[in-house]
Amino acid sequence: MATHNNVQTGVMGTYDANNAYFMADGKTAYGYGATTLFTFTYDNEMVSVQQDAQGTAVSSYNNKTGGTFTLTINQMSPFNKVLDELADERRAGGFPIDACDGARHYTGAHAYIAKKPDGGAANEAGERTWTIHALNIVENSVL
C-alpha cells in the first residue's frame, strides 16, 4: 500500500472551517451547529446504464445539475430569521446561494427552502436543520 503523505508528496492539505461558508440571498450564515455547517448532495447521477437480459446496454447522460444543501444552524442563531423570511416569501425564481466547503465552491441562482425545520427545547440549545433545493449548481474546485 502506498503512503500518500510522505517526503516526496508532502501534506495532502489542511482544512480550516473558517474557509467554509454558506450564503443565502447575499447574507452569510452564522451560528452553525456544533459539528456540521452544511452538506451538499447532487439530486441525480451523471449517467445511468440499462442492460437487457442478453447484456445489450445503453448509457444515458443526465444533464440535471440540481442539488440539495442541508444547513445546520443553532436554534439561537439570528440567521434562522433570514431563512424563515425566505421560506415565507416563496419568491418566484427563488434566491441565489453561494457556498464553499473548503474544497469546492458552489453557486446557484435559483434556490428554494423545502420546508421549515422542526423545533423543540431541551437541556441546552439545539440545532435547526434547513433543507434547501438549488437548481443549476455550478461547482468548482478551490484546491
Side-chain angles (χ1 to χ4, degrees), residues 1-52 55 57-143:
M1 179 176 218
T3 303
H4 297 288
N5 285 334
N6 61 35
V7 176
Q8 294 173 343
T9 61
V11 174
M12 185 170 58
T14 303
Y15 174 76
D16 184 348
N18 284 329
N19 294 329
Y21 64 86
F22 184 90
M23 294 176 67
D25 201 29
K27 298 170 183 76
T28 304
Y30 60 98
Y32 293 102
T35 58
T36 304
L37 282 67
F38 72 88
T39 60
F40 173 73
T41 307
Y42 277 108
D43 293 338
N44 299 286
E45 294 183 6
M46 294 173 62
V47 65
S48 62
V49 178
Q50 294 177 329
Q51 284 186 310
D52 66 15
V58 63
S59 62
S60 300
Y61 290 112
N62 183 339
N63 296 298
K64 298 175 184 177
T65 56
T68 300
F69 289 90
T70 304
L71 187 62
T72 307
I73 302 290
N74 186 285
Q75 76 180 51
M76 299 308 292
S77 171
F79 196 72
N80 283 300
K81 181 178 181 188
V82 171
L83 296 174
D84 230 9
E85 290 171 352
L86 286 170
D88 289 343
E89 182 179 347
R90 296 184 183 183
R91 183 183 312 168
F95 55 89
I97 56 95
D98 182 347
C100 182
D101 64 10
R104 295 182 290 185
H105 179 227
Y106 310 92
T107 57
H110 309 285
Y112 306 87
I113 295 173
K115 74 176 194 86
K116 291 186 179 186
D118 297 331
N123 194 33
E124 54 186 41
E127 296 174 343
R128 300 294 182 252
T129 303
W130 293 85
T131 302
I132 301 170
H133 296 298
L135 307 176
N136 303 324
I137 295 293
V138 176
E139 173 192 347
N140 297 304
S141 175
V142 294
L143 297 176

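Start at 1 with the first residue, then count along the sequence.
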### N/O donor-acceptor pair under 3.5 Å between Thr70 side chain and Thr39 backbone
no
### Atom pair CZ (Phe95) and CD (Glu85), whose distance is rounded to the nearest 0.5 Å
12.0 Å
## Note on the structure
Rounded to the nearest 0.5 Å, the CG atom of Asp84 sits from the NZ atom of Lys116 at a distance of 4.0 Å
### Query
In Å and rounded to the nearest 0.5 Å, what is the CD1 to CG distance from Ile97 to Leu71?
10.5 Å
### Task
Measure across Ser77 and Gly31 and return the closest heavy-atom pair with its distance rounded to 0.1 Å.
CB-O, 3.5 Å
### Query
Could you give the distance from CD1 (Ile137) to CZ (Arg104), rounded to the nearest 0.5 Å?
11.5 Å
### Query
With a 4.5 Å heavy-atom cut-off, do Leu83 and Ile113 have their side chains touching?
yes
### Query
Is there a side-chain contact between Phe79 and Asn74, using heavy atoms and a 4.5 Å cut-off?
no
### Query
Under 4.5 Å between any side-chain heavy atoms of Leu37 and Asp101, yes or no?
no
### Min side-chain heavy-atom separation Asn62-Met46 under 4.5 Å
no
### Query
For the atom pair OG1 (Thr68) and OH (Tyr42), what is the distance rounded to the nearest 0.5 Å?
11.5 Å
### Task
Apply side-chain hydrogen bond (donor to acceptor under 3.5 Å, both in side chains) to Lys81 and list each qualifying residue two or more places apart in sequence or on a separate chain.
none
#### Entry: Those residues that, when tested against Asp118, pass side-chain hydrogen bond (donor to acceptor under 3.5 Å, both in side chains) (two or more places apart)
Lys115
Could you list the donor-acceptor pairs under 3.5 angstrom formed by side chains in residues 120-132, with sequence neighbours left out?
{"unit_1": "Glu127", "atom_1": "OE2", "unit_2": "Ala34", "atom_2": "N", "d": "2.7"}
{"unit_1": "Arg128", "atom_1": "NH2", "unit_2": "Gly120", "atom_2": "O", "d": "3.1"}
{"unit_1": "Trp130", "atom_1": "NE1", "unit_2": "Asn80", "atom_2": "OD1", "d": "2.9"}

### Summary
Residues pairing under ring-ring contact (aromatic ring centres under 6.0 Å, His included) where one sits in residues 97-119, two or more places apart or in two chains, turn out to be Phe40-Tyr106, Phe69-Tyr106
#### Entry: Nearest atoms (heavy-atom pairs only) where Gly102 meets Leu143
O-CD2, 4.1 Å
### Task
Using ring-ring contact (aromatic ring centres under 6.0 Å, His included) as the criterion, list what pairs up with Tyr32, not counting sequence neighbours.
none
### Message
With a 6.0 Å cut-off (strictly less than), is the heavy-atom count around CD of Glu139, excluding the residue itself, greater than 12?
### Response
yes
### Query
With Ser48, which residues qualify under side-chain contact (heavy atoms from CB on, under 4.5 Å), at least two apart?
Ser60
### Query
Which pair of non-hydrogen atoms, one from Asn136 and one from Thr65, has the smallest distance, and what is that distance?
CA-OG1, 3.0 Å
